[in-house]
Amino acid sequence: RQPRREDDWWTMDQAHAFLAIAGQHRMALAFLLALSTGLREGEILGLRWEDVDWDAHALRIRQVQKRGEDGRYVMGAPKTAASERVVAFDRALERALHQHHAAQGRNRLLMEKDYDDRDLVVCTAVGTPILPSNLRRTFHRLCDQAQVPRIKFHDLRHTHASWLVEQGVDIRTVADRLGHTEVSFTIQTYVHSRVERQRAGAEAIGAQLWRDE
């Protein structure tokens, strides 16, 4: 497997620029979830409120949106045991979840019988699942508006993982958070971040070693 290229993920500044534009969009929480937790697209679109553990500050990945045998999108269980996991979330995302939940509740009352309540965290204005194609189209339009690189929606997950590696989070924890079965897969995928950390360390040592020259 080829390692991720550096242009497959955003810097923190690029993420801030994107969120400044996308923050008020109806799908904003989908982008926040991807950047803050590294969830897969199908995991975000299948996430239910019953899967949000407010006391533990964590998301329980138990349902995903995926293609059925007839090609249509359906809800089902995660593909592997590693994918069915618990993902902790930070306080900023917790506030965003509470705000989104309250706004969704107001909209549900407004729509009354026209609202199809499926308990989805990320959904359409009438409560039904969002199609991946619509999510990706919106994402790329907002990328253009924010004047940031047009990466794939899935690369928001890679962005989150790269940030974790850069922060020195151990690779086993990164693998568990992403739902990878093998740690070796995580290492190969995010080798670029490890190289960057090596380079920074080499520069620090070199500055000391050759300080008299």
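Proximity of Pro129 to Tyr73: side-chain heavy atoms (C-beta onward) are nowhere separated by under 4.5 Å. Counting heavy atoms from C-beta on, the side chains of Cys123 and Tyr115 come closer than 4.5 Å. The closest side-chain heavy-atom distance from Thr37 to Leu93 is below 4.5 Å. Residues Leu59 and Val121 have side chains not in contact (no heavy-atom distance under 4.5 Å, counting atoms from C-beta outward). Side chains of Phe139 and Lys152 form no contact here, defined as non-hydrogen atoms less than 4.5 Å apart. Val122 has its side chain out of reach of Met27: every pair of non-hydrogen atoms, C-beta onward, lies at least 4.5 Å apart. Residues Ile61 and Val86 form no side-chain contact, since every pair of their non-hydrogen atoms from C-beta on lies 4.5 Å or further apart. Gln104 places none of its side-chain heavy atoms less than 4.5 Å from the side chain of Asn107.
Note that CG of Leu156 is 4.5 Å distant from CG of Leu35, once rounded to the nearest 0.5 Å. The distance from the NE2 atom of His57 to the CG atom of Asp90 is 11.0 Å, given to the nearest 0.5 Å. How far NE2 of His140 is from CZ of Arg136: 9.0 Å, rounded to the nearest 0.5 Å. Of the inter-residue distances, the one linking Gln65 atom CD with Arg40 atom CZ reads 14.5 Å to the nearest 0.5 angstrom. Atom NE2 of His16 is separated from atom CG of Leu19 by 7.0 Å, given to the nearest 0.5 angstrom. The distance from the OG1 atom of Thr138 to the CZ atom of Arg141 is 4.5 Å, given to the nearest 0.5 Å.
Note on ring orientation: taking the six-membered ring where Trp is involved, the planes of Phe18 and Trp10 are tilted (angle from 30° to 60°). Using bins of under 30°, 30° to 60° and over 60° for the plane-to-plane angle, the ring pair His25/Phe31 lands in the tilted bin.
Asp176 and Arg85 make their closest contact through O-CD, 3.3 Å (heavy atoms, listed as atom of the first residue, atom of the second, distance). Across all non-hydrogen atoms, the minimal contact from Cys143 to Arg150 is CB-CG, 4.1 Å. Residue Ala17 comes nearest to Ala146 through the heavy atom pair O-CB, 3.6 Å, listed as atom of the first residue, atom of the second, then distance. Gly38 and Leu178 make their closest contact through O-CD2, 3.9 Å (heavy atoms, listed as atom of the first residue, atom of the second, distance). Considering every non-hydrogen atom in both Leu135 and Ala30, the closest pair reads CD1-CB, 3.9 Å. The nearest pair of heavy atoms linking Arg60 to Asp53 is NH2-OD2, 2.9 Å.
Taking the charged nitrogens against the carboxylate oxygens, Arg157 and Asp155 have no contact shorter than 4.0 Å, which rules out a salt bridge. Ion pair Asp51/Arg48 flagged as a salt bridge, since at least one NZ, NE, NH1 or NH2 atom sits closer than 4.0 Å to an Asp/Glu carboxylate oxygen.
With hydrophobic clusters built from ILVMFWY side chains whose heavy atoms lie under 4.5 angstrom apart, Val64 does not share a cluster with Val74. Connection of Val169 to Ile171 is established within a shared hydrophobic cluster, with ILVMFWY side chains joined at heavy-atom distances below 4.5 Å, either directly or through further cluster members. Hydrophobic clustering places Leu29 together with Trp54 (ILVMFWY residues linked when any side-chain heavy atoms are closer than 4.5 Å, directly or through intermediates). By the rule that hydrophobic residues join a cluster once side-chain heavy atoms approach within less than 4.5 Å of another member, Ile130 and Met75 end up as members of separate clusters.
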### Task
Under the side-chain contact (heavy atoms from CB on, under 4.5 Å) rule, what do Ile44 and Leu47 come out as? Steps first, then yes or no, please.
CA-CA 5 Å; Ile44 292 171; Leu47 187 67; 5.8 Å; no
### Query
Given Thr159 and Trp163, is the side-chain contact (heavy atoms from CB on, under 4.5 Å) satisfied, shown in steps?
CA-CA 6 Å; Thr159 295; Trp163 291 345; 3.3 Å; yes
### Task
Could you check Trp49 against Leu120 for side-chain contact (heavy atoms from CB on, under 4.5 Å), going step by step and ending with a plain yes or no?
CA-CA 6 Å; Trp49 288 112; Leu120 294 174; over 6 Å; no
### Query
Can you check side-chain contact (heavy atoms from CB on, under 4.5 Å) on Thr186 and Arg172, steps first, answer last?
CA-CA 8 Å; Thr186 312; Arg172 176 72 263 179; over 6 Å; no
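With a 6.0 Å radius and a threshold of 12 heavy atoms from other residues, nucleotides or ligands, Arg72 has its CZ atom at or below the threshold.
Gln14 places a side-chain N or O within 3.5 Å of a backbone atom of Thr11 that can act as its donor or acceptor partner. For Lys66 (side chain) and Ala77 (main-chain N/O), a donor-acceptor pair under 3.5 Å exists by modelled atom type. Distance alone, capped at 3.5 Å, places no donor-acceptor pair between the Arg108 side chain and the Gly127 backbone. Judged by distance alone, with hydrogens and angles left aside, the side-chain atoms of Thr128 form no donor-acceptor pair with the main-chain N or O of Thr124 at under 3.5 Å. Arg62 places a side-chain N or O within 3.5 Å of a backbone atom of Glu50 that can act as its donor or acceptor partner.
Between Ser83 and Thr80, the side chains place a donor N or O and an acceptor N or O closer than 3.5 Å (distance only, hydrogens not considered). A donor atom on one side chain and an acceptor atom on the other are not found under 3.5 Å apart for His154 and Glu41.
Between Trp9 and His160, the distance from one ring center to the other does not fall under 6.0 angstrom.
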